[in-house]
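This report concerns only the one structure given below.
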Amino acid sequence: MSSPPRACVIGWPVEHSRSPVIHGYWLSHYGIDGAYEKEAVKPEDIAVFLRDLSEHGYVGANVTLPHKEAALRAVDQADTAAKAIGAVNTVWLDKQGLLYGSNTDAYGFMTNLQALAPGWRASCDVAVVLGAGGAARAVLHGLIAAGVRRILLTNRTAAKAETLAREFGSPVEVLSWDARDSALPACGLLVNTTSLGMTGQPPLDIMVPALPTTAVVADIIYVPLETPLLAAARERGLTAVDGLGMLLHQAAPGFEHWFGIRPEVTADLRAQVVATLEAG
Ligand code: NAP
């Protein structure tokens with residue numbers, strides 16, 4: 001008899017990861033005999049750990065910081081999203097032992113956006129994306145795949161935005177960080193992917209009142225859940241999309257690969273994760 005499937009999240013450090021709460025909730029909710037664990041793996045050991053994943057007893061894993069780029073190099077096959085984003089956050093083994101890698105952050109962001117702002121596409125001729133780090137790559141991939149034709153990308157370090165614009169091609173145009181407010185009157189969707197507004201970081205300085213009344217504002221930060229940006233958007237009567245839904249939705253494809261059920265993101269799951277965030 002085969003043993004129950006086990007998956008894990010691999011990071012360095014890994015203690016802060018919320019993934020065990022999410023997958024633990026689904027395992028118990030669907031009555032699955034399986035396990036989801038944390039694995040602290042040093043950067044110099046990640047390639048070997050992934051190569052030996054089945055010997056460690058795992059059918060797959062989430063990969064978090066700082067291993068996502070190394071995981072892309074380590075998998076036998078990566079999907080389109082992982083290649084475009086340049087990073088892998090979910091891996092699974094097939095029956096032959098081949099290691100597959102995906103990046104589910106774009107899926108998570110877009111699924112959450114669609115769920116919380118179903119009308120976002122109608123008002124989105126122009127999207128403005130703030131930040132050009134790892135998460136911005138996922139957001140750009142998701143927006144371009146959804147057919148957004150014009151994305152103004154702005155980042156404190158202009159060179160990073162220019163690199164992304166070159167990689168992602170014509171829908172992406174670089175806007176200087178100092179000129180970010182000038183893009184707002186025509187902006188249908190504003191996405192913050194910087195760490196500004198996160199607990200312990202300065203707030204994002206942006207002129208929310210300059211946005212049209214139809215604009216949707218998304219912040220991918222989820223600590224705090226209600227960032228100053230989202231609070232200002234709501235105060236102005238705009239649709240505001242928080243970052244927790246992205247975190248929850250990005251977890252679903254991995255769970256399905258490892259445990260065979262496509263899990264649902266529900267209000268109850270969200271409440272459980274919020275409780276752990278509030279507990280610190
Ligand atoms: P990252 O690669 O380190 O990028 C950080 C970004 O923030 C860069 O664009 C950086 O600009 C900008 N930034 C940092 N401090 C700044 C400042 N003082 N002024 C202006 N810009 C500043 O990080 P990441 O992985 O993309 O993550 C970014 C945020 O997204 C984090 O808060 C993370 O928790 C969140 N996130 C959420 C999810 C989710 O599922 N909801 C998933 C991934 C990430 P420079 O390039 O100029 O340094």
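Being a predicted model, the structure only gives us computed values, none of them experimental. Counting starts at 1 for both ligands and their atoms, in listed order. For reference, positions follow the sequence shown, starting with 1. Hydrogens, waters and symmetry mates are skipped; everything else that's a heavy atom, side chains included, is used.
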Please tabulate, one line per pair, the protein N or O atoms found under 3.5 Å from any N or O atom of ligand 1, giving the distance to one decimal.
unit_1, atom_1, unit_2, atom_2, d
ligand 1, 2 (O), G134, N, 3.0
ligand 1, 7 (O), S195, N, 3.3
ligand 1, 9 (O), A132, N, 3.0
ligand 1, 9 (O), N155, OD1, 2.6
ligand 1, 11 (O), N155, OD1, 3.2
ligand 1, 18 (N), R156, NH1, 3.3
ligand 1, 26 (O), G134, N, 3.2
ligand 1, 26 (O), A135, N, 2.8
ligand 1, 40 (O), L247, N, 3.4
ligand 1, 41 (N), I220, O, 2.8
ligand 1, 41 (N), G243, O, 2.9
ligand 1, 46 (O), N155, ND2, 2.9
ligand 1, 46 (O), K160, NZ, 2.9
ligand 1, 47 (O), R156, NE, 3.0
ligand 1, 47 (O), T157, N, 3.0
ligand 1, 47 (O), T157, OG1, 2.5
ligand 1, 48 (O), R156, NH2, 2.8

According to side chain to side chain contact (heavy atoms under 4.5 Å, CB included), who are the partners of H56, at least two apart in sequence or on a separate chain? F49, D52, Y58
In this structure, which one of L189, L113, L143 forms a side chain to side chain contact (heavy atoms under 4.5 Å, CB included) with C124? L189
Would you please name every residue forming a side chain to side chain donor-acceptor pair (under 3.5 Å) with S102, sequence neighbours left out? D79
Name of the residue among T276, V265, L247, V9 meeting side chain to side chain contact (heavy atoms under 4.5 Å, CB included) with I22: L247
With sequence neighbours left out, what residues match I32 under side chain to side chain contact (heavy atoms under 4.5 Å, CB included)? L27, Y30, F255, F259, I261
Looking only at the side chains, is there a donor atom on one of D268 and H29 sitting less than 3.5 Å from an acceptor on the other? no
